[in-house]
Visitor: 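Quick one: this structure, given as structure tokens, is what I'll be asking you about.
Not measured: the values here are computed from a predicted model.
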Amino acid sequence: MIIILMGVSGSGKTTIGKLLAESLEWEFSDADAFHSPENVEKMRRGIPLSEADRIPWLQDLQTAIKHWLQNNKNVVLACSALKDSYRQFLVLDSERIKLVYLKGSYELIKMRLQERSNHYMSEKLLNSQFDTLEEPLNTISIDVAQPPQVIVQNIKTALRI
């Protein structure tokens, strides 16, 4: 199974993803690692990515997902997946890929991003993240205002794992 933890930057995808993967003894992967150096530099400078910037990133993610599925790997993937079209491109097998939306208020996410250090994504891009976000329907939605261990347990309960 592949669990894609999606949401805006600062929603806790990496923190929750690592904790969830560790608790399940699964692999963890962060979609940020699939960005080109050019994309990272744009985001570091506070410039939102264009659709053209995202296409190679999404293609690389899809390739990784295909590989994980072919090899029957259990993976937790932290990935913004802000648009429905991105999610459709990545969810290649709805039986084996589960989407979990880490949802938080603008105010909570902004506070988290302001407290963050050593990450290229700053609160400068938060407006563009929320503007781009197409909230998923018919998926597991988890409130990120809770403590990380509670969020992990809520995800495991929702997925029955």
Side-chain angles (χ1 to χ4, degrees), residues 2-21 28-66 68 75-94 96-148 150-152 154-155 158-159:
I2 299 170
I3 300 170
I4 300 177
L5 297 179
M6 62 139 309
V8 297
S9 184
S11 62
K13 296 181 300 290
T14 301
T15 300
I16 300 305
K18 287 179 178 177
L19 287 170
L20 179 61
F28 171 77
S29 187
D30 195 324
D32 285 349
F34 290 78
H35 277 299
S36 69
E38 295 81 14
N39 281 4
V40 171
E41 185 55 31
K42 273 183 106 170
M43 290 183 284
R44 181 176 281 118
R45 293 193 333 246
I47 301 168
L49 297 181
S50 68
E51 291 301 306
D53 294 327
R54 287 188 178 97
I55 290 171
W57 172 70
L58 288 164
Q59 290 170 332
D60 289 346
L61 284 169
Q62 187 188 67
T63 299
I65 289 168
K66 284 179 184 176
W68 297 329
V75 179
V76 176
L77 173 64
C79 179
S80 55
L82 297 176
K83 287 190 173 187
D84 184 58
S85 60
Y86 306 163
R87 296 187 292 272
Q88 288 183 24
F89 189 74
L90 298 176
V91 178
L92 303 171
D93 179 341
S94 61
R96 298 194 299 157
I97 300 175
K98 301 300 177 189
L99 192 66
V100 176
Y101 174 34
L102 298 179
K103 183 176 182 170
S105 70
Y106 180 90
E107 295 73 25
L108 173 66
I109 303 297
K110 182 176 181 180
M111 181 185 73
R112 286 183 177 180
L113 289 176
Q114 289 170 336
E115 293 171 353
R116 192 187 248 185
S117 62
N118 299 324
H119 194 281
Y120 59 81
M121 186 66 104
S122 72
E123 77 272 7
K124 290 183 222 168
L125 290 174
L126 187 58
N127 286 337
S128 73
Q129 290 259 304
F130 272 93
D131 288 345
T132 302
L133 176 64
E134 296 171 1
E135 290 198 341
L137 305 173
N138 305 319
T139 194
I140 297 165
S141 182
I142 303 290
D143 178 6
V144 298
Q146 304 168 83
V150 172
I151 294 170
V152 167
N154 288 344
I155 293 169
L159 291 172

Visitor: Are any non-hydrogen side-chain atoms of Asn154 and Gln146 less than 4.5 angstrom apart?
Guide: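 Side-chain contact under 4.5 Å: yes.
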Visitor: Mind checking side chain to side chain contact (heavy atoms under 4.5 Å, CB included) for Ala158 and listing every partner two or more places apart, or none if nothing turns up?
Guide: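 If we apply the side chain to side chain contact (heavy atoms under 4.5 Å, CB included) test to Ala158, skipping adjacent residues, the hits are Ile140.
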Visitor: Calculate, to the nearest 0.5 Å, the distance between atoms OG1 and NZ belonging to Thr139 and Lys98 respectively.
Guide: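 Thr139 atom OG1 to Lys98 atom NZ measures 9.0 Å (nearest 0.5 Å).
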Visitor: Working to the nearest 0.5 angstrom, can you tell me the gap between Leu133 CG and Ser11 OG?
Guide: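 Reported to 0.5 Å precision, the distance equals 9.5 Å.
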Visitor: Determine the sole option in Leu102, Val150, Leu19 for which the side chain to side chain contact (heavy atoms under 4.5 Å, CB included) test with Ile155 is passed.
Guide: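 The passing option is Leu102.
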Visitor: Within the structure provided, determine whether Leu126 and Ser9 are in side-chain contact (heavy-atom separation under 4.5 Å).
Guide: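 Leu126 does not reach Ser9 side chain to side chain.
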Visitor: Does any part of the side chain of Asp143, heavy atoms only, come nearer than 4.5 Å to the side chain of Ile151, both counted from C-beta?
Guide: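 No, their side chains stay 4.5 Å or more apart.
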Visitor: One pair to check against side chain to side chain contact (heavy atoms under 4.5 Å, CB included): Arg54 and Lys83. What are the steps and the verdict?
Guide: CA-CA 11 Å; Arg54 287 188 178 97; Lys83 287 190 173 187; 5.8 Å; no
Visitor: Once you round to the nearest 0.5 Å, how far does OG of Ser141 lie from CG of Leu99?
Guide: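 Going from OG on Ser141 over to CG on Leu99, the span is 10.0 Å.
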Visitor: Nearest 0.5 Å, what's the NE2-CH2 distance between His35 and Trp57?
Guide: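 Answer for the NE2-CH2 pair, His35 versus Trp57, is 4.5 Å.
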Visitor: With rounding to the nearest 0.5 angstrom, report the CG to CD distance, Asp131 to Gln129.
Guide: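 Asp131 atom CG to Gln129 atom CD measures 10.0 Å (nearest 0.5 Å).
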Visitor: Show your working on side chain to side chain contact (heavy atoms under 4.5 Å, CB included) between Ile65 and Ile2 and close with a plain yes or no.
Guide: CA-CA 8 Å; Ile65 289 168; Ile2 299 170; 3.9 Å; yes
Visitor: Do Leu5 and Leu77 touch side chain to side chain, with heavy atoms closer than 4.5 Å?
Guide: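 A side-chain contact under 4.5 Å is absent here.
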Visitor: For Lys13 and Ile4, indicate whether the former's side chain and the latter's backbone hold a donor-acceptor pair under 3.5 Å.
Guide: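 Such a contact is absent between Lys13 side chain and Ile4 backbone.
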Visitor: Hey, what do you get for CZ (Phe34) to CD (Gln59), rounding to the nearest 0.5 Å?
Guide: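 So the gap between those two atoms works out to 13.5 Å.
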Visitor: Do you know which two heavy atoms are closest between Gly10 and Leu113, and how far apart they sit?
Guide: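 Here Gly10 and Leu113 meet closest at CA-CD2, 3.8 Å.
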Visitor: Could you list the donor-acceptor pairs under 3.5 angstrom formed by side chains in residues 85-92, with sequence neighbours left out?
Guide:
residue	atom	partner	partner atom	Å
Tyr86	OH	Glu51	OE1	3.0
Tyr86	OH	Glu51	OE2	2.6
Arg87	NH1	Ala81	O	2.8
Arg87	NH1	Leu82	O	3.2
Arg87	NH1	Glu134	O	3.1
Arg87	NH2	Glu134	O	2.7
Gln88	NE2	Asp84	OD2	2.6

Visitor: Looking only at heavy atoms, which two atoms of Pro136 and Met6 are closest? And how far apart?
Guide: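 Distance-wise, the nearest heavy atoms are CG-SD, 3.6 Å.
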Visitor: Between Ile109 and Val144, is a side chain to side chain contact (heavy atoms under 4.5 Å, CB included) present by the stated rule, with each step listed?
Guide: CA-CA 9 Å; Ile109 303 297; Val144 298; 4.3 Å; yes
Visitor: Between Ser80 (side chain only) and Gly7 (backbone N and O only), is there a donor and an acceptor less than 3.5 Å apart?
Guide: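 No, the answer is negative, given that no donor and acceptor are paired below the 3.5 Å cut-off.
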Visitor: State which residues pass ring-ring contact (aromatic ring centres under 6.0 Å, His included) with Trp68; sequence neighbours excluded, sorted by chain then number.
Guide: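 Residues passing ring-ring contact (aromatic ring centres under 6.0 Å, His included) with Trp68: none at all.
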Visitor: Please identify each residue that fulfils side chain to side chain contact (heavy atoms under 4.5 Å, CB included) with Thr63, with sequence neighbours left out.
Guide: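 For Thr63 there are no side chain to side chain contact (heavy atoms under 4.5 Å, CB included) partners, ignoring immediate neighbours.
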Visitor: In the structure I gave you, are the side-chain heavy atoms of Val8 and Phe130 within less than 4.5 Å of one another anywhere?
Guide: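 They are in contact (side-chain heavy atoms under 4.5 Å apart), so the answer is yes.
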Visitor: Output all residues satisfying side chain to side chain contact (heavy atoms under 4.5 Å, CB included) with Asp53, sequence neighbours left out; order by chain, then residue number.
Guide: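 Side chain to side chain contact (heavy atoms under 4.5 Å, CB included) check on Asp53 returns Asn39, Lys42, Leu49, Ser50.
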Visitor: Would you please name every residue forming a side chain to side chain contact (heavy atoms under 4.5 Å, CB included) with Asp93, sequence neighbours left out?
Guide: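 Residues passing side chain to side chain contact (heavy atoms under 4.5 Å, CB included) with Asp93: Leu69, Glu95, Arg96.
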